[in-house]
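So you know, we letter chains A, B, ... as the sequences are listed, proteins then strands, and number each from 1. The structure displayed is predicted, hence computed values, not measured ones.
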There are 2 protein chains.
Amino acid sequence: MRREFKKKSKVLLIDDNYEHLVGIRELLNLEGTFDVVGIATNINVGLNLIKKYQPEIVLLDMNMPEKDGLQGIIEISKLDLDTKVLALSGYDDADLIFRAMKIGAKGYVLKTMASAQLIYAIEEVLNGKIYLPLALSSRFFEYFQQSFREENAKQESEEENLLSYLTQREEEVLELLTQGITYKGVANKLFISETTVKTHVNNIFQKLQVNDRTQAVLYAINNGFLSKKIKLTA
Amino acid sequence: MRREFKKKSKVLLIDDNYEHLVGIRELLNLEGTFDVVGIATNINVGLNLIKKYQPEIVLLDMNMPEKDGLQGIIEISKLDLDTKVLALSGYDDADLIFRAMKIGAKGYVLKTMASAQLIYAIEEVLNGKIYLPLALSSRFFEYFQQSFREENAKQESEEENLLSYLTQREEEVLELLTQGITYKGVANKLFISETTVKTHVNNIFQKLQVNDRTQAVLYAINNGFLSKKIKLTA
DNA sequence: AAAGATATAGACCACATGGTCTAGAAAAGG
DNA sequence: CCTTTTCTAGACCATGTGGTCTATATCTTT
């Protein structure tokens with residue numbers, strides 16, 4: 001396929017560094033397959049340009065004063081124009097990468113990367129793919145796994161998890177409490193008397209070292225009571 | 001650095017396909033920098049070999065009968081030997097990749113990939129990095145973003161999210177409720193009278209269409225009340 | 001057989017919670 | 001300027017909730 005026959009893709013650039021902005025525009029213009037429909041040094045202006053020109057892709061700097069890049073991604077996606085966002089940043093901050101990808105960035109490239117790689121990233125994203133350079137995806141995954149390790153840590157330290165002291169019946173009662181059901185309701189569901197439920201509930205409080213049902217429910221949720229059932233099935 | 005001076009890394013292979021198993025062993029032996037300390041066609045045997053030889057890295061087939069690969073990763077990590085797991089699979093199943101990475105696989109490679117890439121993946125993982133080929137990381141991120149889109153769907157459909165009807169003060173009160181605090185406690189924290197708190201709480205109940213504080217707290221949690229604050233700060 | 005844990009259930013009481021109504025002051029919006 | 005919303009707060013009452021104690025039947029464990 002010859003280039004002249006390929007429709008140029010509309011690109012928009014947002015970066016508070018004007019030098020950089022112009023540099024990228026030159027680069028993309030030289031490439032010939034892109035049509036830089038606008039440049040902006042802040043997000044609000046950028047949003048207006050997006051509405052006006054409806055570019056296929058936006059290169060968005062993450063490290064900007066005032067409104068930061070993350071907020072920018074959110075606001076762009078709220079426009080509902082299927083605008084793809086390729087995040088640009090000077091640093092490989094794992095947390096920033098993680099959050100950007102989480103809220104829907106189609107890629108993330110460092111400003112220090114070779115221009116050929118930037119071009120490649122843009123093309124991949126335009127083709128509907130998600131592009132994260134190996135170095136960044138590696139950092140992303142470290143962060144990703146770390147966050148899950150922490151999440152599982154509480155739940156799997158069964159020695160310290162007070163939930164493990166509950167009897168089967170108490171777990172049943174607690175599960176109903178986590179659905180916001182009253183004594184009477186629990187009694188009906190379990191076919192036992194209301195006072196029995198109260199006894200169970202009081203025992204639960206003792207074991208979980210809490211004073212009321214709300215705290216018990218919160219403890220249960222925060223310590224993986226509900227997710228036990230969900231985790232390995234879903 | 002010459003190869004002879006480099007200590008060979010201990011590698012263990014687990015794959016129910018014996019042909020493939022032997023093939024990889026040959027490949028790694030030819031390479032010269034690896035020491036294949038054992039091969040196994042099922043996870044239980046593999047676990048014993050890991051305990052015995054303590055390899056730095058295990059290449060683990062994901063698609064095995066009986067115990068599947070995911071379970072294998074979990075059990076290997078439970079041995080607490082810092083064994084790195086590189087997942088092997090015939091397919092680029094996004095869900096499988098996602099779950100494998102979630103529970104701590106250091107990488108994921110397809111069996112169809114060139115042997116040079118497998119070698120590279122092993123070396124990267126041995127160097128403490130996480131390796132996911134571009135094609136797979138791309139699939140991973142699609143899945144990743146999809147799951148967050150679904151999660152945010154309820155929270156961001158503000159029309160239907162009753163939480164959006166709450167006033168600022170009511171949100172403050174609700175936030176304290178989600179910490180399991182009593183009327184009196186809330187009153188002290190906000191420097192208002194207890195009856196005022198009751199008024200707010202009752203208004204909250206009306207707006208959230210619930211009957212008691214436990215249900216209110218549950219509604220708040222399930223509809224992204226807490227994550228609002230966490231999401232953009234942490 | 002005895003001891004311990006569990007599930008059941010009653011009585012009694014204090015108080016926290018929820019429902020409803022009223023109402024003034026302050027702030028926001030038109 | 002007036003209206004609406006929000007925040008404040010009191011009174012009153014019904015009831016749900018939590019604390020404590022006692023007690024029986026069952027079941028497991030020693």
- Message: Below the 4.0 Å mark, does D/dG18 have OP1 or OP2 next to a side-chain nitrogen or oxygen of A/Asn202?
- Response: no
- Hey, is CG on B/Asp95 packed in by over 12 heavy atoms from elsewhere, all under 6.0 Å? yes
- Rounded off to whole Å, could you give me the CG-to-C1' distance for the A/Asn203 and C/dT8 pair? 12 Å
- Query: In whole angstrom, what separates B/Arg169's CZ from C/dA27's C1'?
  - Reply: 14 Å
- Task: May I ask you to verify if any side-chain N or O of A/Thr195 is less than 4.0 angstrom from the OP1 or OP2 atom of C/dA9?
- Result: no
- Can you tell me the distance, in whole Å, between the CZ atom of A/Arg213 and the C1' atom of D/dG16? 8 Å
- Query: What nucleotide, of D/dA9, C/dG18, C/dA9, holds the atom closest to the side chain of A/Ile192?
  - Reply: C/dA9
- Item | Whole-Å gap separating P (C/dC15) and CG (A/Asp212) | 16 Å
- Item | Rounded distance in Å - CD1 (B/Ile204) to P (D/dT6) | 13 Å
- Charged N-O contact under 4.0 Å between A/Glu75 and A/Lys78: no
- Whole-Å distance between D/dC7 C1' and B/Leu166 CG? 14 Å
- Query: C/dT17 C1' sits how many Å from B/Ile181 CD1, rounded?
  - Reply: 16 Å
- Note on the structure: Taking D/dG16, D/dC7, C/dT8 as options, the one with an atom nearest any side-chain atom of A/Lys184 is D/dG16
- Message: Nearest to the B/His200 side chain among D/dA9, C/dA7, D/dC7, which nucleotide is it?
- Response: D/dC7
- Task: Taking only the side-chain nitrogens and oxygens of B/Tyr183, find out if one of them lies under 4.0 Å from OP1 or OP2 of C/dG18.
- Result: yes
- Item | Given DNA chain D, 5'-ward residue of the pair A/Val210 and B/Glu194, judged by closest heavy atom | B/Glu194
- Query: Which is true for B/Ser193 with a 4.0 Å heavy-atom rule: it touches a base, it touches only sugar-phosphate, or it touches nothing?
  - Reply: sugar-phosphate
- If you count the non-hydrogen atoms of other residues, nucleotides and ligands that lie under 6.0 Å from CG in A/Asp82, is the total more than 12? no
- Item | Under 4.0 angstrom between A/Thr167 side-chain N/O and C/dA7 OP1 or OP2 | yes
- Message: Classify A/Thr182 by what it touches in the nucleic acid, base, sugar-phosphate, or nothing, heavy-atom distance under 4.0 Å.
- Response: sugar-phosphate
- Query: Per the side chain to side chain contact (heavy atoms under 4.5 Å, CB included) rule, which among A/Leu13, A/Ile24, A/Leu27 passes with A/Val36?
  - Reply: A/Leu13
- Side-chain contact check for B/Thr199: nearest option of D/dC7, D/dG10, C/dT8 is D/dG10
- Message: Salt bridge check, B/Asp212 against A/Arg213: does any charged N sit closer than 4.0 Å to a carboxylate O?
- Response: no
- Out of D/dT8, C/dG18, C/dC12, which nucleotide sits closest to the side chain of A/Lys198? C/dC12
- Looking only at side-chain N and O atoms, does A/Thr196 come under 4.0 Å of OP1 or OP2 in C/dT8? no
- Message: Could you tell me how far apart B/Gln168 (CD) and D/dT8 (P) are, to the nearest whole angstrom?
- Response: 11 Å
- Task: State, to 0.1 Å, how close B/Lys10 and B/Glu56 come at their nearest heavy-atom pair, and which atoms those are.
- Result: N-OE1, 2.8 Å
